[in-house]
Q: 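First the structure, then my questions, so here it is.
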Amino acid sequence: MADPVSGFHAIGGALMCDGVALDAIARAAGTPVHVYSAAVIRDRFRELDAAFADYPHRCHYAIKANATLAIVRLMRQLGARADANSGGEIEVALRAGFRPDEIVFTGVGKSRDELERAIALGLHAINAESPGEVARIDAMAGAQGTRARVAVRVNPDVDAESHPHISTGHRASKFGMPVDAARAMVRDLVRRPHLQIVGLHAHVGSQITKRDPILKAAEAVTSLARELSAQGIQLEHVDLGGGLGIAYEPNQTILPPADYPAALPAALRPTGPKPTPHTGP
Ligand SMILES: Cc1ncc(COP(=O)(O)O)c(C=O)c1O
């Protein structure tokens with residue numbers, strides 16, 4: 001729960017953020033100035049992280065949400081990991097102090113330079129979006145004499161039930177591969193000497209306010225992970241998104257972070273995916 005002075009509020013005629021008068025900030029910093037509530041960000045992150053206390057888990061902050069260095073640093077201090085969608089976001093994550101093994105890299109439009117950098121850094125996972133990308137990463141990792149950690153992005157054909165422009169997991173969206181194609185990608189990937197399969201990834205959209213899309217996406221990914229495991233292909237993690245919605249209207253119903261685990265399928269609950277052991281400091 002946010003403390004009483006968290007976020008934006010008015011005292012008398014003065015607009016405040018986390019108890020600090022905005023006009024004082026404007027005088028000190030000049031305008032235009034962007035002000036964010038660190039207290040609200042802290043509360044929100046802790047709520048989500050605490051909801052998963054019974055799971056081996058990591059919450060990755062999608063830097064695309066806000067790449068302001070102070071915010072990315074704050075997320076790191078809170079214990080988040082990073083989710084980068086471009087080479088620029090990888091650099092922001094590094095500048096904020098994230099280690100490469102704390103960063104995942106997703107995106108349908110990864111360039112050659114971005115992939116080469118991601119491979120050289122040894123990121124926690126590069127989420128591959130197509131068979132062609134798997135082949136490219138394998139060739140690049142081979143040229144670098146290394147082995148890249150790769151996860152496969154699944155398109156579970158789920159309607160996020162939010163705005164169509166921020167729904168990323170339905171059949172018509174360009175993100176990820178349908179389950180059958182994802183299965184084939186994993187089988188191809190495990191045969192490649194310069195790749196290590198580490199996980200499956202699905203992101204079905206932003207501003208999710210209902211359980212159903214989360215459940216359906218997690219079911220699709222979990223059942224594929226179990227099938228692969230039965231065939232001897234062990235994954236380190238499943239990586240599930242997207243983001244929980246906020247209330248834009250006074251009485252809008254949202255899914256509170258504390259209720260997120262209850263939206264996951266039973267198959268994911270008992271043990272949870274095993275995260276990679278923490279390396280480095
Ligand atoms: C792979 C991935 N991660 C993260 C995001 C950020 O969205 P959210 O914070 O709602 O999960 C997106 C948005 O499209 C995405 O595609």
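Counting starts at 1 for both ligands and their atoms, in listed order.
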Q: In terms of atom number and element, which parts of ligand 1 are under 4.0 angstrom from non-hydrogen atoms of Gly242?
A: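 With Gly242 as reference, the close atoms of ligand 1 come out as 11 (O).
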Q: Would Lys64 count as a polar contact of ligand 1, with the cut-off being nitrogen or oxygen pairs under 3.5 Å?
A: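 In this structure, Lys64 places an N or O atom under 3.5 Å from an N or O of ligand 1.
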Q: Nearest protein heavy-atom contact for atom 9 (O) of ligand 1: which residue, which atom, what distance?
A: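 Protein heavy atom at minimum distance: Ala62 CB, 4.0 Å.
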Q: Ala65 versus ligand 1: do any nitrogen or oxygen atoms come within less than 3.5 Å of each other?
A: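 No, Ala65 has no N/O under 3.5 Å of an N/O on ligand 1.
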Q: May I ask you to identify the nearest protein heavy atom to atom 10 (O) of ligand 1, giving residue, atom name and distance to one decimal place in Å?
A: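 The protein heavy atom lying closest is Ser206 OG, 2.6 Å.
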Q: Provide, to 0.1 Å, the distance between atom 3 (N) of ligand 1 and the closest protein heavy atom, together with that atom's residue and name.
A: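 Scanning the protein heavy atoms, the shortest distance from atom 3 (N) of ligand 1 goes to Asp83 OD2, 3.2 Å.
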Q: By the salt bridge (Lys or Arg N to Asp or Glu O under 4.0 Å) test, which pairs, at least two apart or in different chains, include something from residues 7-18?
A: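 Output for this query is empty, none listed.
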Q: Using atom types as modelled, flag every donor-acceptor pair under 3.5 Å from a side chain in residues 240-266 to any protein atom, sequence neighbours excluded.
A:
| residue | atom | partner | partner atom | Å |
| --- | --- | --- | --- | --- |
| Gln252 | OE1 | Tyr248 | N | 2.7 |
| Gln252 | OE1 | Glu249 | N | 3.1 |

Q: Which heavy atom of the protein is the closest neighbour of atom 2 (C) of ligand 1, given with residue, atom name and distance?
A: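 Here the closest protein heavy atom is His203 CD2, 3.5 Å.
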Q: Which atoms of ligand 1 sit under 4.0 Å from any heavy atom of His201?
A: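 Listed by number with element: 1 (C).
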Q: If you count the atoms of ligand 1 from 1 in the order shown, which ones are under 4.0 Å from a heavy atom of Gly243?
A: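 Result: 8 (P), 10 (O), 11 (O).
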Q: So does Leu195 get a backbone contact from the side chain of Arg147, meaning a donor-acceptor N/O pair under 3.5 Å?
A: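 Yes, because the side chain of Arg147 sits within donor-acceptor range (under 3.5 Å) of the backbone of Leu195.
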Q: Between His201 and His237, does the ring centre distance come in under 6.0 Å?
A: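 Ring centres of His237 and His201 not closer than 6.0 Å.
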Q: Is a side-chain N or O of Lys110 found less than 3.5 angstrom from the main chain of Ile126, in a donor-acceptor match?
A: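 No.
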Q: Hey, which atoms in ligand 1 end up nearer than 4.0 Å to a heavy atom of Thr106?
A: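 So the atoms of ligand 1 that pass are 1 (C).
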Q: Could you check Asp83, Leu78, Val72 and say which one makes a side-chain contact (heavy atoms from CB on, under 4.5 Å) with Tyr61?
A: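 The single option meeting the side-chain contact (heavy atoms from CB on, under 4.5 Å) with Tyr61 is Val72.
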Q: Can any side-chain N or O of Thr68 pair as donor or acceptor with the backbone N or O of Ile71 at less than 3.5 Å?
A: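 Answer holds: no.
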